[in-house]
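For reference, the structure discussed in these notes is given below.
Because the structure is a prediction, the values reported are computed rather than measured. Just so we're on the same page: letters track the sequence lines, and every chain starts at 1.
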Protein chains: 2
Amino acid sequence: MPLPQTEMPGRLQAHFAERGIRMTQQRRAILRVMETATKHLDAAQLLRKAQKLDASVDRSTVYRTLQLLKRHGLIDELDLMHIHGEGHYYERKLNRDHIHMACLRCGKIMEFVSDIFEKLKGQVEKDCRFRIVVSRLEIGGYCAGCRGAK
Amino acid sequence: MPLPQTEMPGRLQAHFAERGIRMTQQRRAILRVMETATKHLDAAQLLRKAQKLDASVDRSTVYRTLQLLKRHGLIDELDLMHIHGEGHYYERKLNRDHIHMACLRCGKIMEFVSDIFEKLKGQVEKDCRFRIVVSRLEIGGYCAGCRGAK
DNA sequence: GATTCAGTTGCAAACGAGTCGCAACTATAG
DNA sequence: CTATAGTTGCGACTCGTTTGCAACTGAATC
């Protein structure tokens, strides 16, 4: 299930340059992993993959870089309904928000883009006079394949 | 900001009886706290309040009871955008799902019920052939009062 | 290219939320 | 009243994440 690639690899690095954020060997490795990831990664997976590019990358640097990316609104943080433990998953923020669905039986993660979701956010902004910065809709349930069984 | 009280206090206890779940002193205290809570509680707050009703209540019993309530679909688990740390918050599941909005500046939590949200869930069920069991929409941003400032 | 220094790093220790194994206890059915 | 399956408190533990600190380094300036 490849993520939609609506942005070029290298864009995260470009964002850093634009904003005058210092680029280091370690950050380059971590950003490259985020840019080329084809699925949602947690911090441990991100660390392992980044260490293949630069063996010196440390766990704490991964966490610090994730905070940095979050603060700049370049990634989204997900729970995926805590299907695999208490940790978090990360993905690059792309043009359009999407919904995450997690199958409680087979663990599959699905994504879904919806105009109704955009409309809902518009309603919240208008009716609640609330300025939305980040939104997260996660759904747990049973996917088409698992609905029949159990 | 009181939660909508569309169910009577005592309903959680009634659910337990209906389903033949054993009722203990400690559970009675914990359920009573959940039933009368006027805001979202985390496990530590729930423990403190429950201990005022029954001093013997232990942390692990609180967690075990929360798992039980979750498994029976009687409570919802929230992150509230991790505004106050990594823990979780709990609230009784009421008739209608609602959206949670967290102000990134003042920390206020707001709730919002929307037909469009119901419609969106309907779309997911239909278009993705996905049977929804639990859903969570959390939004971070700036509330009406804080939008001007900063 | 050398100098400078704020920003960044690895390390190890600490943290907080949540879980678990176990022996003692207790709510409920018979 | 008894039997027993379910529940409890306790303490030790796991796991994801954060922190303080001394050493290092990117990049701006000369």
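Here A44(B) lies out of heavy-atom contact (under 4.0 Å) with every strand.
Going from atom CZ of F16(A) over to atom P of dG7(C) covers 15 Å, rounded to whole Å. Following rounding to the nearest Å, D58(A) (CG) and dT18(D) (P) show an atom-to-atom distance of 14 Å. Rounded to whole angstrom, the span from the NE2 atom of H82(B) across to the P atom of dG16(D) amounts to 14 Å. Nucleotide dG18(C) holds its P atom 10 Å from the CG atom of D79(B), rounded to whole Å. Rounded to a whole Å, the CZ atom of R64(B) is 15 Å from the P atom of dG6(D). Straight-line distance from the CZ atom of R28(A) to the C1' atom of dT25(D): 12 Å, rounded to whole Å. If you measure from atom NE2 of H84(A) to atom C1' of dG18(C), you get 19 Å, rounded to the nearest angstrom. What separates CD of E86(A) from C1' of dT19(C) is a distance of 10 Å, to the nearest Å.
Side-chain proximity of S60(A) to dC11(C), dT17(D), dG26(D): nearest is dC11(C). Side-chain atoms of Y63(B) lie closest to dA17(C) of the nucleotides dT19(D), dG16(D), dA17(C). You'll find that the side chain of R59(B) is closest to dT19(C), out of dT18(D), dC21(D), dT19(C). Here the nucleotide nearest the side chain of R22(B), chosen from dT9(C), dT28(C), dT18(D), is dT28(C). The side chain of S56(A) lies closest to dG10(C) when the candidates are dT17(D), dG10(C), dT8(D).
Applying the 4.0 Å criterion to OP1 and OP2 of dG9(D), one finds that Q26(B) has a side-chain N or O inside that range. In this model, the phosphate group of dT17(D) is approached by a side-chain N or O of H88(A) to a distance below 4.0 Å at OP1 or OP2. Regarding contacts with the backbone of dT9(C), a side-chain N or O of R27(A) is found under 4.0 angstrom from either OP1 or OP2. In this model, the phosphate group of dT18(D) is approached by a side-chain N or O of Q67(A) to a distance below 4.0 Å at OP1 or OP2.
Ring geometry for H82(B) against H88(A) counts as perpendicular: the plane angle is over 60°, on a 0 to 90° scale with 30° as the lower cut.
With respect to the salt-bridge test (charged N to carboxylate O, under 4.0 angstrom), the residues D79(A) and R136(B) qualify. Using a cutoff of 4.0 Å between basic side-chain nitrogens and carboxylate oxygens, D54(A) and R27(A) are not scored as salt-bridged. Contact check on R92(A) versus E35(A) returns no salt bridge, with no Lys/Arg side-chain nitrogen under 4.0 Å from an Asp/Glu carboxylate oxygen.
Cation-pi geometry between K121(A) and F117(A) is met: the NZ or CZ atom falls under 6.0 Å from the ring centre, inside 45° of the normal.
Helical stems in DNA chain C, defined as runs of 3 or more consecutive Watson-Crick or G-U wobble pairs with both donor-acceptor distances under 3.5 Å, are listed by first residue as C:1-30 with D:1-30.
In this structure, D97(A) and S135(A) have side chains that are in contact, with non-hydrogen atoms separated by less than 4.5 Å. Using a 4.5 Å heavy-atom cutoff, the side chains of F112(B) and D127(A) are in contact.
Checking Y90(B) against T24(A), the closest nucleotide of DNA chain C that is more toward the 5' end is the one next to T24(A).
When all heavy atoms of R147(A) and Y142(A) are compared, the closest pair comes out as CG-O, 3.7 Å.
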